[in-house]
Amino acid sequence: MNQFSLEGKIALVTGAAHGIGFAMACALAEAGAKVVFNSSSQHSLDLGLAAYKEQGIDAKGYVCDVTDESAVKSMVADIEATVGVIDILVNNAGIIKRIPMEEMAVEDFRRVVDVDLVAPYICAKAVIPGMIKKRHGKIINICSMMSELGRETVSAYAAAKGGLKMLTRNICSEYGEYNIQCNGIGPGYIATEQTAPLRAIQPDGSRHPFDKFIISKTPAARWGTPDDLKGPTVFLASDASNFVNGHILYVDGGILAYIGKQPK
Ligand code: NAP
Ligand code: GCO
C-alpha cells in the first residue's frame, strides 16, 4: 500500500489559481486527488483553470471570497453535492500589506487578519462537519516565517500568521478524536507574486537589497520555489502523516535554524 497515495480523495485548496496554492494543488492531483480551488475574481479563476488544463489536471474552480462566510458555506455545500465530501482542506489564500505599523490604517490591519486568520477559521468550520461524519480529514494551514519571527512593516501579517499557528494547534486539539489532523506548513521566502516586490531589480540593474538579505539568511542560499512545497503538502494530506497533528512544518531552506552569515 502506498501511504502517500491520495486516490479517491477530494481536496479544496483556497487561492490556488497561481503561486504556492497552484503548486500544492498540482501535487495533490499528481498523488491522485480530485482538486477544487477558488480565486477572488473571475479573471484569476479563468487563468487558473487554463493553467491546470495545461498540466493535464481536471480541476474544478469557484469565485469565492474566503472572508465571506456565507459564500464559503455555499461553495462547500456545492462541492459536497457535486464532487463529494472534502477530505483535504488547504488554507492557502493570503495577502500581505507591508506598511510601517504607525502609518498603517486600522482597516488595512483588519483586512490582513480577516484574509490570513479569520478566513482559515471560516473555511475549516465549513468542512469540519463533513470530516467528522467521515471520521477522516486533513487540514493544512499555510503559515509563514512570520508565525515565528517579526520584521519591520509586517505587523498585521505576523499577527495573523502567528494566530494561524495557534488556530492549527487548536483545531488539532478540538477535533483530533475524530481522526482529523490539522497541521501547518511554514514556507520560507518563496518566489511568487507576493514576494516579487522584494526581489525587484533596482533602477541601476543591481539586485534588491532584500533579495541579498534573504540569500544571506538562508543556509540553502536561494529563494524557495512553489514546487519546494509539493512533497510536504502530499505528506501532510496523506495517510503517511496520520499521527502527525498540530505540527508546523517549516519549509524554509533552514532559515529558522540559522543565526545568519557571520561577518568575514
Ligand atoms: P499569491 O501568489 O499572492 O497568491 C495568493 C492567493 O490568495 C491568490 O490565489 C489569491 O487569489 C488568493 N486570495 C487572496 N485574497 C483572497 C480572498 N479574499 N479570497 C479568495 N482568495 C484570495 O501568494 P503566494 O506567495 O502564492 O502565497 C500563498 C500563501 O502562502 C499565502 O497565505 C501567503 O501568505 C503564504 N506564504 C507565502 C510565502 C512566500 O514567500 N511567497 C511565504 C510564506 C507564506 P486570486 O487568484 O484572486 O489572485
Ligand atoms: C515579507 C514576506 C514574508 C513572506 C513569507 C515568509 O514581507 O517578509 O512577504 O511575509 O511572504 O510569509 O515566510
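Every number for a ligand or one of its atoms is a count from 1 in the order of the listing. Just so it is clear, the structure is predicted and the values come from calculations on it, not from any experiment.
Atom 10 (O) of ligand 2 has Tyr157 CE2, 2.9 Å as its closest protein atom, hydrogens excluded (heavy atom only). Among protein heavy atoms, atom 3 (C) of ligand 2 sits closest to Tyr189 CE2, 3.6 Å. At the top of the distance list for atom 6 (C) of ligand 2, counting protein heavy atoms only, stands Ser144 OG, 3.4 Å. In terms of protein heavy atoms, atom 9 (O) of ligand 2 is closest to Arg98 NH2, 2.4 Å.
Aromatic ring orientation, His208 versus Phe210: perpendicular (interplanar angle above 60°, classes split at 30° and 60°).
Under 4.0 Å from ligand 2, not a single heavy atom of Thr153 appears. Using a 4.0 Å cut-off between heavy atoms, Lys161 makes no contact with ligand 2 at all. By the criterion of a heavy-atom distance under 4.0 Å, the side chain of Leu198, and not its backbone, is placed next to ligand 2.
The side chain to side chain contact (heavy atoms under 4.5 Å, CB included) search around Val115 returns Thr67, Ile95, Arg111, not counting sequence neighbours.
Put simply, no part of Ile190 is less than 4.0 Å from ligand 2, judged by heavy atoms.
Residue-to-ligand polar distances place Met145 within reach of ligand 2: an N/O pair is separated by less than 3.5 Å. Taking only nitrogen or oxygen atoms, main chain and side chain alike, Thr195 does not reach within less than 3.5 Å of ligand 2. Polar contact with ligand 2: present for Pro187 (N/O pair, distance under 3.5 Å).
Within 4.0 Å of ligand 1, heavy atoms belong to protein residues Gly15, Ala17, His18, Gly19, Ile20, Asn38, Ser39, Ser40, Ser41, Ser44, Cys64, Asp65, Val66, Asn92, Ala93, Gly94, Ile95, Arg111, Val115, Ile142, Cys143, Tyr157, Lys161, Pro187, Gly188, Tyr189, Ile190, Thr192, Glu193, Gln194, Thr195.
Once rounded to the nearest 0.5 Å, the distance linking CG of Asp228 with CD1 of Ile185 reads 11.5 Å.
For the residue pair Ser44 and Asp46, no side-chain donor N or O sits within less than 3.5 Å of a side-chain acceptor on the partner.
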